[in-house]
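Throughout, a chain's letter reflects where its sequence line sits, starting with A, and its residues are numbered from 1. None of the values given here were measured: they were computed from a predicted structure. As a basis for the values below, the full set of heavy atoms in this structure was taken, side chains included, without hydrogen atoms, waters or symmetry mates.
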Number of protein chains: 2
Amino acid sequence: MDADPDLFKAIGDATRRTILDELIDRDGQTLFEICGRLTMKHGLASSRQAISQHLAVLEQAGLVHTRRQGRYKFHHIDTSPLRSIVERWPIDREAPNP
Amino acid sequence: MDADPDLFKAIGDATRRTILDELIDRDGQTLFEICGRLTMKHGLASSRQAISQHLAVLEQAGLVHTRRQGRYKFHHIDTSPLRSIVERWPIDREAPNP
DNA sequence: GTTATAGGCAAGTCTCCACTTGCCTGTCAA
DNA sequence: TTGACAGGCAAGTGGAGACTTGCCTATAAC
């Protein structure tokens with residue numbers, strides 16, 4: 001029961017959800033890119049360390065994968081862990097397949 | 001942005017997720033029924049007040065609807081709010097429709 | 001009526017976690 | 001080699017929330 005508490009913890013924070021939105025908009029950003037765009041587009045004045053810790057939580061939940069390249073670290077979103085949510089509590093489909 | 005923080009808060013707690021599991025298994029339970037089954041089947045020794053507060057959070061998130069009948073209050077699960085999650089961050093479908 | 005049952009309300013405690021602060025490591029350009 | 005840039009580590013702080021405690025209301029059985 002409850003195999004992945006990290007997943008629910010990850011999406012439980014509003015800032016982390018905004019980070020996921022940002023990675024949906026542009027995948028493969030670095031930490032500084034995410035910081036800048038969160039400040040500009042979303043008005044979030046979060047520090048670099050805060051965002052870094054958020055990304056670590058997202059990575060531990062499997063929602064973000066990282067790729068190192070020189071002194072840059074690119075972050076890629078992976079939404080597949082979310083599948084377990086709708087598999088655990090199936091959504092009654094009201095919109096039938098056309 | 002982030003229209004429903006109550007939803008993520010609701011599924012962010014392990015006990016509340018177990019309550020949803022229990023309502024999936026048997027819908028329309030009362031508070032005391034849920035307390036009993038959580039203790040028996042899931043080994044959770046939570047007090048009645050704790051479960052009551054959890055149900056209030058679930059109801060505020062729209063995941064649980066209640067129906068009063070005499071001195072009983074029946075709780076019904078509604079998984080449709082979960083749809084917003086997969087709509088917000090679409091899941092790359094690997095299993096094609098047969 | 002009296003008692004038991006099903007549930008609600010409110011204040012207090014305590015733990016977890018988001019965020020900060022300060023310093024350190026590693027990579028690239030000059 | 002020196003500096004700037006990208007990122008990491010660790011201890012400390014503050015606030016949100018899970019849970020308890022105690023008492024109260026309402027419905028039903030006796």
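One finds no side-chain N or O of Ser47(B) lying less than 4.0 angstrom from the OP1 or OP2 phosphate oxygen of dC19(D).
Distance CZ/Arg26(A) to NZ/Lys41(A): 8.5 Å, rounded to 0.5 Å.
Within the nucleic acid shown, Thr30(B) comes within 4.0 Å of sugar-phosphate atoms alone, with no base atom in reach, counting heavy atoms only. In this structure, Thr15(A) reaches the sugar-phosphate backbone alone: every heavy-atom distance under 4.0 Å involves primed, P, OP1 or OP2 atoms, never a base.
Rounding to whole angstrom units, CD of residue Glu33(A) and C1' of dA6(D) are separated by 11 Å. One can place CG of Leu38(B) at 11 Å from P of dC19(D), the figure rounded to the nearest angstrom. Going from atom CD of Gln49(B) over to atom C1' of dC23(D) covers 11 Å, rounded to whole Å. Atom CG of Leu55(A) and atom P of dG8(D) are 9 Å apart (whole Å). Atom pair Lys9(A):NZ and dA18(D):P shows a separation of 15 Å (rounding to whole Å applied). When the P atom of dA18(D) is taken as reference, atom CD1 of Ile51(B) falls 12 Å away, rounded to whole Å.
Residue order along DNA chain C, read from the 5' end via each residue's closest nucleotide, puts Arg68(B) first among Ala45(A) and Arg68(B).
Candidate nucleotides dC5(D), dG7(D), dT27(D) were compared by shortest atom distance to the side chain of Leu31(A), and dG7(D) ranks first. Which of dG7(D), dT20(D), dC23(D) sits closest to the side chain of Phe32(A) comes down to dG7(D).
For the side-chain contact (heavy atoms from CB on, under 4.5 Å) test with Leu55(B), the passing option among Leu63(B), Ile19(B), Thr66(B) is Ile19(B); the others fail.
Between chain A and DNA chain C, the heavy-atom contact criterion of under 4.0 Å yields a 5' to 3' nucleotide range of dA18(C) to dC28(C).
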